[in-house]
Amino acid sequence: MAFEFKLPDIGEGIHEGEIVKWLVKEGDTVQEDQPIVEVMTDKATVELPSPVAGTILEIRAKEGEIVPVGSVLVVIGEAGEAPKPDGKEREAVPQPAAAKAQEPVAAAAAATTPPAAPTPTPTAEAPPKRKRVLATPATRKLARELGVDLTQVEGTGPGGRITDEDVRRFAERGAPVAAPTAPPPAPEAAPAVTAEAPKVEAEAPPRPAPAPRPVRYEELEERVPIRGVRKRISDHMRHAKSTAAHFTYVDEVDVTELVKIRESLLPVAEERGIKLTYLPFIVKAVVAALKKHPTLNAHVDYEREEIILKRYYHIGIATATDQGLIVPVVKDADRLSMLEIAAEIQYLAQKAREGKVAPEDIKGSTFTITSLGPIGGLFATPIINTPEVAILGVHEIKKRPLVIDNEIAVRDVMWISVSFDHRVIDGHVGAAFAKDVKALLEDPKYLLVGA
Amino acid sequence: MSRTQGRWRLSRAQYPEDPALNYAVDLAIAEHVAQGSAPPTLRVWRPGRCLALGRLDARLPRYSEAVAHLEAQGIVVVRRSSGGQAVWQDENFVNVSVIAPRERRLGVPEAYRTYLAGVRRGLALLGVETEFRHVEGAFCDGPYDLALRGKKLMGTAQIQKRGVVVVHGTMPVWGGLKEMIRWVSEFYAQAGRPVRLREGTMVTLSEALGQKRGQKIAWRELEEALAEGHRQTLGPLEPQALSSSEGARAEELRSAFLAA
């Protein structure tokens, strides 16, 4: 019986490892406990020993490949034995246990067709006759895509290995295709599932003849490495989303007054070469509200089980750049005037877009604001810029009907969405903070005294 | 853990003038420890001036060109057997290798914690309390680097083979960060996968100490602290030279560590 050796969890909570080097090749005999592969994760190179003695039947992961924990790396068995399932598990899609237990071809079919039909699967009837197939994982994948049964293909590669070319040639000759792409079973064979299955009986229009298709769709794909800023964003977001217990609070803000005030200040700002957006007002409102709710201007150090309350106000402004999202920081925002904040944001955003932002300008924020602004949308569920504990999302300002004194009025309205880390911020605290931000923006004269 | 808890060897073997040999020594010791023909070893050594690439760097799109580019400027380029990114090495750095028998399956984090306990204690004896932390923007970053107040102090890596575990650390002591940024950036830019290191994310041991004592540390004092930290956490430790078999094996392995 072939043994499938799966990538074990070699760290605590490690999800994947990179195959550095195979120390064996297909056809080799291995002893129990003999090192067979080197895997790397977290800058650790670990040799994994074979848990069983036997022959390497099939190597399923290539050097350089990054594989999730639990995926099959290699199949070990007796010489001449067929490697058990045909590589399906490598896709790491969790399949129902029942499907796994079935014969390989049936299991593959189960993924695409309703399971009820007892279509006789020829290989299920006569499993021991299957000849040994030599092919790389990539070739096996190609064969699956083209619906080619590798046991029927003559290999022309070294040692009878089946090459991509062999598979394509076989597919073009129009040789019989394997079960997975066979038409679905006749409807009457599956009465039990018709209630749930979409009705595609006789009335269904005939399927149009397929247009000529490229042989390999991979050729129409582009692989873009996740590197640099994108990699940092990706790691950071995954960390944030998997550690902080997010909850998001949404409210609408009547900014009619704010719109007027900003408009009246535009010429003043312009005289000094400053573009006055709504952000400085929002920063001011946030700082004022943070002073009232100090637990929100904080970092979490979960390793030491501490909340670090910050007595300074460094406000991060999430900014879109060509390379991706970066978050320049307006330092000591509580000590800056509205126009100074505006100038600082303008300077930082410009630097960020030019890719010239200094490292210290994107560090040390205590609270972050993300503005989707004119792109619009009602609200979002922003991801906290950890180790911070909250983030404010602001959205498009738009004329909307509001009920004021029992009458419908057309007002300038902006929605805000605030995400909090519920591990350390209770719902009522978060809500009170959001209410204060809202109140300050609705009646901006309080910004004069609030901050 | 019986052997590990036994007597450790403090090795001072170092060949700063031959960076490839310097790295090969660790592997030679590891092979001997795995066979039981050498004691578990703490090696405290000074690297020579070189750029030490990570094991997987050879897969970079323009690897050979980048190596040639650096060598044309007189930089020796070697390839470590451990993973992670390239690190700059010169006389400003101290490297630590903890090489111990591996008698059972050992988790990656567990190995870092166990075998770096001595280094951490040694640094603590000097007044530098470190934590395991991933510092982005620092050299060769990884989740089990040693950091001081959020800044990276020591880069770490490990190798687990049959019968042996090797945990490495490299630490800038008297300087070297500017060169780190310059050469690491230049290498990856040439190799077609630019990285960005930021000086503010890293700290040298001298800087760390300077905040407390305003003086530079001597090699001898640092080695003694690391040895004492090791004794307090991992067990008795005595200075002892490499065996002739280990020395000969290091010479044999040397060429495998040259990048070009």
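Below, chain A is the first sequence line, B the second, and so on; all start at residue 1.
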Which of [options] touches chain A most, by non-hydrogen pairs under 4.5 Å:
{"options": "Gly142(B), Ala111(B), Pro143(B)", "result": "Pro143(B)"}
{"options": "Val167(B), Thr156(B), Val195(B), Val165(B)", "result": "Thr156(B)"}
{"options": "Arg198(B), Gln160(B), Gln85(B)", "result": "Gln160(B)"}
{"options": "His168(B), Arg193(B), His134(B), Glu131(B)", "result": "Arg193(B)"}

Would you mind checking if [Y] and [X] are paired as a salt bridge, meaning a charged N to carboxylate O distance below 4.0 Å?
{"X": "Arg249(B)", "Y": "Glu252(B)", "value": "yes"}
{"X": "Asp57(B)", "Y": "Arg79(B)", "value": "no"}
{"X": "Arg232(A)", "Y": "Glu136(B)", "value": "no"}
{"X": "Arg43(B)", "Y": "Glu246(B)", "value": "no"}

> Which bit of Glu303(A) is near chain B, if near means a heavy-atom gap under 4.5 Å: side chain, backbone, both or neither?
Replying inline: side chain
> chain B heavy atoms under 4.5 Å from Lys231(A): which part of the residue, side chain, backbone, both or neither?
Replying inline: neither
> If every non-hydrogen atom of Ile307(A) is compared with every non-hydrogen atom of Ala298(A), which pair is closest and at what distance?
Replying inline: CG2-CB, 3.9 Å
>> I'd like to know whether Tyr144(B) forms a side-chain contact (heavy atoms from CB on, under 4.5 Å) with Gln158(B), so could you lay out the CA-CA distance, the side-chain angles of the two residues, the decisive distance to 0.1 Å, and finally the verdict.
In response: CA-CA 10 Å; Tyr144(B) 295 94; Gln158(B) 66 171 277; over 6 Å; no
Side chain, backbone, both or neither: which part of [X] has a non-hydrogen atom closer than 4.5 Å to chain A?
{"X": "Glu199(B)", "result": "neither"}
{"X": "Phe132(B)", "result": "backbone"}
{"X": "Arg59(B)", "result": "side chain"}
{"X": "Ile159(B)", "result": "both"}

>> Set out, in order, the CA-CA distance, both residues' side-chain angles and the distance that settles side-chain contact (heavy atoms from CB on, under 4.5 Å) for Lys151(B) and Met202(B), then state yes or no.
In response: CA-CA 5 Å; Lys151(B) 292 189 176 191; Met202(B) 304 172 258; 6.0 Å; no
> When Leu7(A) is tested against each of Val74(A), Val72(A), Val67(A), Val37(A) for side-chain contact (heavy atoms from CB on, under 4.5 Å), which residue passes?
Replying inline: Val67(A)
> So which of Glu38(A), Glu360(A), Lys21(A), Gln34(A) has the largest heavy-atom pair count under 4.5 angstrom toward chain B?
Replying inline: Glu38(A)
